[in-house]
Peer 1: 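My questions all concern the structure below.
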Protein chains: 2
Amino acid sequence: MRGKVIPFDTPRSAATQEKILDAAEALFMEHGFEATSLRQITAAAGVNLAAVNYHFGSKEELFQAVLTRRLDPMNQERVALLTRFEREAAPRPLSCEKILGAMFIPALRLARDPRRGGKNFLRLLGRAYADPAPFIRHFLTEQYAVMIARFKAAFGRALPHLPKKELSWRLHFVMGALSYTLAGTDALKLIAALNPRDSGNDEALLRRLAPFLIAGLKAPLSQDDEIDGENAV
Amino acid sequence: MRGKVIPFDTPRSAATQEKILDAAEALFMEHGFEATSLRQITAAAGVNLAAVNYHFGSKEELFQAVLTRRLDPMNQERVALLTRFEREAAPRPLSCEKILGAMFIPALRLARDPRRGGKNFLRLLGRAYADPAPFIRHFLTEQYAVMIARFKAAFGRALPHLPKKELSWRLHFVMGALSYTLAGTDALKLIAALNPRDSGNDEALLRRLAPFLIAGLKAPLSQDDEIDGENAV
DNA sequence: TTAGAATTCAAACAAACGTTTGACCGATTC
DNA sequence: GAATCGGTCAAACGTTTGTTTGAATTCTAA
């Protein structure tokens with residue numbers, strides 16, 4: 001037999017699946033994919049060890065399910081928001097601020113909603129971005145492809161003077177700063193240390209990040225912007 | 001007996017140690033810490049399985065040795081370069097460009113030098129930044145503490161209008177974009193796709209990154225820079 | 001109420017892990 | 001030339017890993 005049959009969602013099945021997903025989300029976030037065992041997950045979820053393979057097929061498929069559960073709705077929300085902003089602004093092109101807002105607001109909403117995993121999931125997502133496992137990279141690339149393409153087009157209209165190549169790079173840097181920030185164990189501690197009032201919510205963090213990224217995106221196109229290495233090398 | 005005795009470096013010992021470090025560097029870079037086994041490493045290095053524990057004590061200590069070998073000299077070089085730039089510019093404060101140059105140039109030199117691991121090591125470093133393992137985070141924090149403090153002070157002088165809190169955040173974002181960029185499996189492919197001429201060297205990548213980050217660092221201080229969520233939430 | 005499917009469960013599977021051991025080799029030293 | 005020491009080696013250590021199995025249990029439907 002090739003492959004295995006994942007059962008339908010009866011009420012009973014859905015309950016244990018959710019317990020597994022919740023426990024896996026927390027543990028994968030804490031220790032990463034490789035360092036988290038199915039025994040830890042099933043113990044934390046209060047279900048039998050075999051339940052993961054029964055309901056999800058394998059550890060890898062469980063990980064993908066953990067990501068999909070939150071990521072899919074969030075990315076759909078992002079595209080929908082971008083579309084709405086564009087319609088509201090038409091026929092004028094959208095500003096960088098608005099576009100970045102369309103990326104951040106759904107993430108912020110998710111971070112604020114404990115029922116949807118809250119901050120935990122964003123940290124997991126940031127970690128996944130840096131994970132070397134091929135199946136994770138492949139999964140994320142697929143999951144993000146349409147959204148990224150959509151936003152790249154929007155940024156292209158907002159920054160018409162930028163060559164496509166340069167834009168691709170800058171968006172790459174944006175994703176980097178974003179995922180690193182989200183993944184940050186240290187970042188959350190940094191927040192708490194610097195501004196105890198904001199402690200515990202990623203919102204303040206992302207609101208700090210946005211102006212930084214916008215300035216980078218809007219940076220003048222460099223003919224030859226030295227980092228001044230000539231007299232040093 | 002607490003701990004174990006790591007032998008002195010006789011010529012024979014040094015040779016196998018280096019073979020192990022080289023193989024470990026490549027494999028840790030490719031698969032991460034957890035997903036790389038000592039058997040893979042010793043097989044690739046052409047040494048006996050027990051050699052790792054004999055020469056380094058444990059897998060964790062091997063990983064730290066892999067990082068230290070390159071990171072320690074590079075960070076010393078960074079601080080030395082910063083000091084030199086400051087002396088040359090005195091009594092005027094250093095520009096952001098120069099400061100960032102002091103961070104990037106040693107990294108570029110390392111990336112260009114195949115004898116020192118070249119690109120491989122920078123990718124490994126980027127990965128390590130995102131690794132959840134406590135011993136890695138602890139190690140990096142210690143290893144970077146003095147360098148970061150030194151650069152933060154320099155940036156503080158270059159951007160006197162920025163509150164310390166804001167500066168801490170922006171430096172955090174800089175480190176994020178930098179490490180994500182270095183770690184990027186995809187980034188290198190991106191380079192090759194966008195500009196085959198530059199293919200294979202991280203230099204072009206970092207030269208693109210610098211202006212982006214400088215613009216972010218210099219971004220005006222936001223009183224309340226909306227990402228415009230009010231009418232969307 | 002009973003047949004049958006869906007789910008749970010304890011137990012076992014083979015494989016891989018990091019680490020340790022004790023015999024063995026080769027050079028250096030007394 | 002015997003003793004010593006640093007180093008290598010094959011083999012085994014005890015755990016832990018993801019996955020599978022087949023019997024018990026719970027639910028569903030006729």
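Order of the sequence lines sets the chain letters (A, B, ...), proteins ahead of strands, with each chain counted from 1.
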Peer 1: Between P on C/dC24 and OH on B/Tyr54, what's the gap in Å once rounded to a whole number?
Peer 2: 18 Å
Peer 1: Distance check: side-chain N/O of B/Thr16 vs OP1/OP2 of D/dT8, anything under 4.0 Å?
Peer 2: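 For B/Thr16, the contact criterion (side-chain N or O under 4.0 Å from OP1 or OP2 of D/dT8) is met.
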Peer 1: Kindly say if B/Asn48 contacts the phosphate of D/dA10, meaning a side-chain N or O under 4.0 Å from OP1 or OP2.
Peer 2: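 For D/dA10, OP1 or OP2 has a side-chain N or O of B/Asn48 closer than 4.0 Å.
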Peer 1: Out of D/dT19, C/dT21, C/dG18, which nucleotide sits closest to the side chain of A/Ser58?
Peer 2: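 Comparing D/dT19, C/dT21, C/dG18 against the side chain of A/Ser58, the answer is D/dT19.
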Peer 1: Only one of A/Arg127, A/Lys19, A/Arg69 forms a salt bridge (charged side-chain N to carboxylate O under 4.0 Å, His left out) with A/Glu25, so which one is it?
Peer 2: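 Per the salt bridge (charged side-chain N to carboxylate O under 4.0 Å, His left out) rule, the option paired with A/Glu25 is A/Arg69, out of A/Arg127, A/Lys19, A/Arg69.
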Peer 1: If you check every side-chain atom of A/Arg39, which of D/dA12, C/dA12, D/dT8 has the closest atom?
Peer 2: C/dA12
Peer 1: From C-beta outward on B/Ala50, which listed nucleotide comes closest to its side chain: C/dT20, C/dT8, D/dT20?
Peer 2: C/dT20
Peer 1: As a test of understanding, state which of B/Tyr129, B/Phe151, B/Phe139 forms a ring pair (Phe, Tyr, Trp, His ring centres under 6.0 Å) with B/Tyr144.
Peer 2: B/Tyr129
Peer 1: Roughly how many Å is it from NZ in B/Lys59 to C1' in D/dT16, rounded to a whole number?
Peer 2: 13 Å
Peer 1: Answer yes or no: is there a side-chain heavy-atom contact under 4.5 Å between A/Ile20 and A/Thr42?
Peer 2: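 No, side chains not in contact.
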Peer 1: So which one's nearest nucleotide on DNA chain D is more toward 5', B/Gly46 or B/Leu49?
Peer 2: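 Nearer the 5' end of the strand: B/Gly46.
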Peer 1: Nearest to the side chain of A/Gln40, heavy atoms from C-beta on, is which of D/dT17, D/dG18, C/dT8?
Peer 2: D/dT17
Peer 1: How long is the gap from CG on B/Asn75 to CD1 on B/Ile148, to the nearest 0.5 Å?
Peer 2: 8.0 Å
Peer 1: Nearest-Å distance, CD (B/Glu61) to P (C/dG18)?
Peer 2: 14 Å
Peer 1: Do B/Phe121 and B/Phe28 have ring centroids that are under 6.0 Å from one another?
Peer 2: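 Ring-ring flag for B/Phe28/B/Phe121: false, centres at least 6.0 Å apart.
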Peer 1: What nucleic acid atoms does A/Thr42 come within less than 4.0 Å of, heavy atoms only: base, sugar-phosphate, or nothing?
Peer 2: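 Nothing, no nucleic acid heavy atom in range.
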Peer 1: Any side-chain N or O of A/Ser37 under 4.0 Å from OP1/OP2 of D/dT16?
Peer 2: no
Peer 1: Separation of B/Leu38 atom CG from D/dT16 atom P, in whole Å?
Peer 2: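 Atom CG in B/Leu38 sits about 17 Å away from atom P in D/dT16.
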Peer 1: Would you mind reading off the distance between B/His55 atom NE2 and C/dT19 atom P, rounded to a whole angstrom?
Peer 2: 15 Å
Peer 1: Please report, rounded to the nearest Å, how far the C1' atom of C/dC17 is from the CD atom of B/Glu60.
Peer 2: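 To the nearest whole Å, that distance equals 14 Å.
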Peer 1: Expressed in angstrom and rounded to an integer, what is the separation of B/Asn53 atom CG from D/dA10 atom P?
Peer 2: 16 Å
Peer 1: Could you give the CD-to-P distance, from A/Glu34 to C/dC17, as a whole number of Å?
Peer 2: 10 Å
